[in-house]
Amino acid sequence: MIFAHAWCSRSTRAKPFAANRARPRALPRSCSPCSHHAVDTLRRMGTNTEIAAAFEELAVLSELLGANVFKVNAFRRAARAVESLTGEACSMESAALKAIDGIGASTAAKIFEFAKTGAMSELDELRAQIPAGLKEVLGIQGIGPKTARALWIDAGVVDLSSLSAAIESGAVAKLPRMGAKTIENMKEAIAFAQTAVGRMRIGDAMPVANALVARLGALSCVQRIAYAGSLRRGKETIGDLDILACSEESGPLMEAFCTMPEVARVLVQGLTKSSVQTKHGLQIDLRVVPLEKFGAAWQYFTGGKEHNVRLRERAIAQGFRLNEYGLFAADASGKVADGALPVASREESDIYHALGLEWMPPTMREDRGELDAFVLGAAHTPIVEQHDIRAELHCHTTASDGALSIDELVSEAQRRGFHTIAITDHSKSQFQANGLDETRLLTHIAAIHAARARFPRMQIWAGSEVDVLSDGSLDYSDDLLRQLDWVVASPHAALKQEPRVATDRLLKAIRHPLVHVLGHPTGRIVNGRPGLEPVMSELYAAARECHTALEINSHHMRLDLRDTHVRGAVAAGCMVAINCDVHGLSDYDELGYGILTAQRGWLPKASCINTFDAAALDAWRRVKR
DNA sequence: GCCGTTTTCGGCCCGACTGTTTTCAGTCG
Ligand SMILES: Nc1nc2c(ncn2[C@H]2C[C@H](O)[C@@H](COP(=O)(O)OP(=O)(O)OP(=O)(O)O)O2)c(=O)[nH]1
Ligand SMILES: [Mg+2]
Ligand SMILES: [Mg+2]
Ligand SMILES: [Zn+2]
């Protein structure tokens, strides 16, 4: 798999990821503290996120007032543009802001106002006009901005409870286009909203999707089937399951789908598209197309939405029209002739190639510069793939909280084609995980080294996952750490620290001369706890400078670094380790999620230490020994 | 509100399904 450097060099226009591009630098002899972050230190954290949220709210509220849909869309694009900046929007010049795609004079002025005052007057005015509770009304399936506005203006609805009251009182039935069925659907949707689950972790969704694909694929009328949507793009959480099938008998297929035993509610049922909600609150969308249109449909249904919109814009600019049935030639007025055959439709690659692009991995289809990076003939750098991984550098045995012996861990690594494994049990402060004290660790090191004789083809390292204590010091003395072949340093406790404290804590670990990898850097749990919120740009700079890799912990509960952090680390020139944090045999299978996350962060194979050959990895290790 | 290798005005991705409608608006993917 390949990708181009283009997001930072192709266009004369400033692109979001151009902001903090790191220049190559020589590795310093010692790991000295950086001093260039004084300004960052003083600034409030998370400002880009806040600004993006403000523009998104501007979109929602102005839409409720019936604003022009293209203007509403422009607010949404501005929100995305700010969100994906690597630098702080508040510290950018107006000209630099306006050079970013989706940000014009008006948006730049609002950002400037936010930087100065911490607020946007236009947004505040909208907030004053519109009941805050209308947002939860908008969250009901089937209620969009037009309906919400009518409910508010004409039926006095201001939140969910007043909506229920207005339905009971008959006020809602008086609105135009409000028949019995619409109201019944609304009641069901309100009831369902109480029980509905939020976004599912990818590791929970994947087995469900695979089972469903297998089950539907076994039907004789199904010719080809695959999952699509955010699951195929490898997002850490999944809003629903999107399944694409090819069939010539879509009626029976849709009927089979909508009458599956786990279906609680059929949202829509048609011949090309159906949606159901399961008893567990999971939504599943099924689209059915003829076999020869599979590629176009898979491209559409995989998304993401913003990627699709960009791709369709590109098609128009090149004299085509693109939809889920194919790429079609258009005439001068942009029209497609009736009954015209598609220029491309069978496979995804046909679509991309016809548009002058290479096929690109779904993980990168997020409208984050990929259409520039994958122009046919562009200079390419290979992106990491699962078969590139040749080392597991973070795993636990029964000595601490793992389920496997040293030999079981090593033989499984060997079975998977790895050449290197680092055994890294917990350190003494992790007493709840049976962390090893100094005496036990020394015994353990000897036991790990003794395994080398039994696995002569494996490079086996005695390591530790040493706890990064709350002040950034490590849980073992330097003397002890020096006796280890490999050191992963990870934060486990005090994960609610202030960003500045957390940053300094992690910087200390990164700069430690005996640390190879910063493990699960934020300690977040997906759909669980937010974890630390350090100033990531400072971590990247220090990691690069001090020859410390940042870990992507592949476990689907962690995925830490997350995708956006990986992208930042790559742009800053860091090395990344993709580890499974193995506690049991099945944890090796978590690697797939780590790879998806790495690809979402555009991680080149060459920036991932787990892809090195055995000698190169050992040489990399020895820089810190 | 944003934007421009045919444009500084006039477009802006595009289609399926539903309900309530005599021709389509609204919502969603
Ligand atoms: N062209 C186009 N495609 C869309 C639009 N909305 C959705 N799609 C496509 C791309 C999406 O990835 C795909 C599935 O829609 P979903 O709403 O399920 O989104 P997605 O799976 O990306 O995210 P999710 O985790 O479900 O929230 O359908 C749209 O407005 N235009
Ligand atoms: Mg989806
Ligand atoms: Mg969907
Ligand atoms: Zn661990």
Side-chain angles (χ1 to χ4, degrees), chain A residues 11-13 55 58-59 62-63 66-81 97-111 122 138-151 173 175-186 189 228-230 239-244 250 254 258 266-277 283-289 293 296-328 330 332-336 367:
Chain A
S11 172
T12 51
R13 292 174 64 81
F55 280 111
L58 215 43
S62 58
E63 197 171 27
N68 176 290
V69 292
F70 301 109
K71 181 172 168 178
V72 171
N73 203 254
F75 285 141
R76 295 223 154 89
R77 276 201 172 182
R80 278 183 41 77
L97 281 171
K98 278 192 276 189
I100 294 164
D101 202 4
I103 297 183
S106 175
T107 299
K110 288 187 181 77
I111 293 172
E122 197 172 325
L138 266 178
I140 300 300
Q141 174 93 240
I143 298 183
K146 294 292 187 331
T147 308
R149 176 181 161 81
L151 288 167
L175 298 182
R177 299 182 64 86
M178 276 292 171
K181 279 187 179 173
T182 304
I183 289 180
E184 192 49 41
N185 285 341
M186 201 178 279
S230 51
D240 66 355
L241 298 185
D242 301 294
I243 313 282
L244 173 66
S250 77
M254 288 306 194
C258 292
V266 178
L267 294 171
V268 297
Q269 181 175 355
L271 285 177
T272 71
K273 167 182 165 173
S274 297
S275 292
V276 300
Q277 269 164 340
Q283 179 170 327
I284 310 172
D285 297 338
L286 176 65
R287 280 214 71 156
V288 179
V289 296
K293 295 182 165 39
W298 209 19
Q299 191 291 312
Y300 150 75
F301 212 24
T302 295
K305 179 192 170 186
E306 293 79 10
H307 172 88
N308 286 357
V309 171
R310 291 276 185 214
L311 199 64
R312 289 169 182 211
E313 286 174 351
R314 183 182 177 92
I316 291 169
Q318 297 186 0
F320 298 109
R321 308 287 285 193
L322 176 63
N323 60 31
E324 61 266 52
Y325 301 109
L327 182 70
F328 299 88
S333 66
K335 295 250 183 307
V336 176
D367 185 30

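In what follows, every chain begins at residue 1, and chains take the letters A, B, ... in the order their sequences are listed.
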J.: Please list each protein N or O that sits under 3.5 Å from an N or O in nucleotides 25-27 of chain B, with the distance.
T.:
| unit_1 | atom_1 | unit_2 | atom_2 | d |
| --- | --- | --- | --- | --- |
| B/dG26 | O3' | A/T147 | OG1 | 3.4 |
| B/dT27 | OP1 | A/G144 | N | 2.8 |
| B/dT27 | OP1 | A/G144 | O | 3.1 |
| B/dT27 | OP1 | A/T147 | N | 2.9 |
| B/dT27 | OP1 | A/T147 | OG1 | 2.5 |
| B/dT27 | OP2 | A/K146 | N | 3.2 |
| B/dT27 | O5' | A/G144 | N | 3.4 |

J.: Below 4.0 angstrom from OP1 or OP2 of B/dC28, is there any side-chain N or O of A/Q283?
T.: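 It does not, given that no N or O in the side chain of A/Q283 lies less than 4.0 Å from OP1 or OP2 of B/dC28.
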J.: Within this structure, what is the CD1-to-P distance between A/I183 and B/dT18, rounded to whole angstrom?
T.: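 Whole-Å distance recorded here is 19 Å.
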J.: From A/L322 CG over to A/F328 CZ, what is the distance, rounded to the nearest 0.5 angstrom?
T.: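 With rounding to 0.5 Å, CG (A/L322) is 9.0 Å from CZ (A/F328).
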J.: Looking at every heavy atom in both A/T107 and A/G102, which two are closest together, and how far apart are they?
T.: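 The pair with the smallest heavy-atom distance is OG1-O, 4.4 Å.
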J.: Tell me: CG of A/L175 to P of B/dT21, nearest whole Å?
T.: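 Value for this atom pair: 13 Å.
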J.: Go through it in stages, so that I can follow the logic: the residues are A/R77 and A/E313, the test is salt bridge (Lys or Arg N to Asp or Glu O under 4.0 Å), and I'd like the CA-CA distance, side-chain angles, deciding distance and then a yes or no.
T.: CA-CA 14 Å; A/R77 276 201 172 182; A/E313 286 174 351; 2.8 Å; yes
J.: Should the pair A/E63-A/K146 be classified as a salt bridge under the 4.0 Å nitrogen-to-oxygen rule?
T.: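 Result for this pair is no, no salt bridge flagged.
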J.: Where does B/dT22 land, syn or anti, once you apply the within-90°-of-0 test for syn?
T.: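 You should classify B/dT22 as anti.
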J.: CD of A/Q318 versus C1' of B/dT5: gap in Å, rounded?
T.: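 Result: 12 Å.
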J.: With heavy-atom distances below 4.5 Å as the criterion, would you say the side chains of A/L267 and A/Q141 are in contact?
T.: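 Yes, at least one pair of side-chain atoms sits under 4.5 Å.
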J.: Just by distance, no angles: are the side chains of A/E306 and A/N308 close enough, under 3.5 Å, to form a donor-acceptor pair?
T.: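 No - no donor-acceptor pair under 3.5 Å links their side chains.
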J.: Does any nucleotide pair with B/dC3 by Watson-Crick or G-U wobble geometry, both distances under 3.5 Å, and what is it?
T.: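 Paired with B/dC3, as far as the under-3.5 Å criterion goes, is B/dG10.
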J.: Tell me the interatomic distance from A/M254, atom CE, to B/dC17, atom C1', rounded to whole angstroms.
T.: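 Going from CE in A/M254 over to C1' in B/dC17 covers 11 Å.
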J.: For the pair made of CG in A/L244 and P in B/dG29, what is the distance, rounded to whole Å?
T.: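 After rounding, the gap between these two atoms is 16 Å.
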J.: At less than 4.0 Å, is any side-chain N or O atom of A/T272 found next to OP1 or OP2 of B/dC17? Yes or no.
T.: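 True: A/T272 side-chain N/O within range (under 4.0 Å) of B/dC17 OP1/OP2.
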J.: When the C1' atoms of B/dG15 and B/dG10 are compared, how many Å lie between them, rounded to an integer?
T.: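 To the nearest whole Å, 24 Å.
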J.: Roughly how far apart, to the nearest Å, are B/dC13 and B/dC17 at atom P?
T.: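 Roughly 22 Å separates the two P atoms.
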J.: Could you check A/V72 against A/L267 and say which one's nearest nucleotide on DNA chain B is further toward the 5' end?
T.: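 Here A/V72 is the residue nearer the 5' end.
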J.: Which part of the nucleic acid, if any, lies within contact of A/A315, taking any heavy atom under 4.0 Å across all strands shown: a base, the sugar-phosphate backbone alone, or nothing?
T.: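 No contact at all - A/A315 keeps every heavy atom at 4.0 Å or more from the nucleic acid.
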J.: Which whole number of Å gives the distance between the C1' atom of B/dC12 and that of B/dG19?
T.: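 Those two atoms are separated by 29 Å.
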J.: Whole-Å distance between B/dG29 P and A/Q269 CD?
T.: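 Whole-Å distance recorded here is 17 Å.
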J.: A/T302: what forms a side chain to side chain donor-acceptor pair (under 3.5 Å) with it, not counting sequence neighbours?
T.: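 Expected list: A/R232.
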J.: Should A/D285 and A/K273 be marked as a salt bridge (Lys or Arg N to Asp or Glu O under 4.0 Å) after you check the CA-CA gap, both sets of side-chain angles, and the distance that decides it?
T.: CA-CA 7 Å; A/D285 297 338; A/K273 167 182 165 173; over 6 Å; no
J.: Salt bridge check, A/D101 against A/R310: does any charged N sit closer than 4.0 Å to a carboxylate O?
T.: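 Looking at A/R310 and A/D101, the cut-off is met.
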J.: Can you check each nucleotide of nucleotides 7-15 of chain B against protein heavy atoms at under 4.0 Å and return B for base, S for sugar-phosphate only, - for none, in 5' to 3' order?
T.: -----BBBB
J.: Just to confirm, is there a sub-4.0 Å distance from OP1 or OP2 of B/dT20 to any side-chain nitrogen or oxygen of A/T182?
T.: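 Answer yes for this pair, as a side-chain N or O of A/T182 is under 4.0 Å from OP1 or OP2.
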J.: A/K98 NZ to B/dG4 C1': how many Å, rounded?
T.: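 Distance check: A/K98 NZ to B/dG4 C1' gives 16 Å.
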J.: Counting any heavy atom closer than 4.0 Å, what does A/A180 reach on the DNA or RNA strands: base, sugar-phosphate only, or nothing?
T.: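 Contact class for A/A180: sugar-phosphate only.
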J.: Would you say the side chain of A/R287 lies within less than 4.5 Å of the side chain of A/D242, judging by non-hydrogen atoms?
T.: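 Not in contact.
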J.: Distance check needed: B/dG29 P versus A/Q299 CD, whole Å only.
T.: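 That distance rounds to 18 Å.
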J.: May I ask you to say what A/T107 touches in the nucleic acid, namely base, sugar-phosphate or nothing, with a heavy-atom cut-off under 4.0 Å?
T.: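 Since only primed, P, OP1 and OP2 atoms lie under 4.0 Å of A/T107, the category is sugar-phosphate.
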J.: Considering only atom P, compute the distance from B/dC2 to B/dT7 and round it to an integer number of Å.
T.: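 22 Å, rounded to whole Å.
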J.: Pick the C1' atom in B/dT8 and in B/dC3, then give their distance to the nearest Å.
T.: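 Between the two C1' atoms, the distance is 9 Å.
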J.: Please report the distance separating the P of B/dT22 from the corresponding atom of B/dG26, rounded so that it comes out in whole Å.
T.: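 Those two atoms are separated by 15 Å.
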J.: Please measure how far the C1' atom in B/dA16 lies from the corresponding atom in B/dC9, and state the result in whole Å.
T.: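 These two C1' atoms come out 33 Å apart once rounded.
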J.: Taking any heavy-atom pair under 4.0 Å as a contact, classify A/L311: base, sugar-phosphate, or nothing.
T.: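 Result for A/L311 = nothing.
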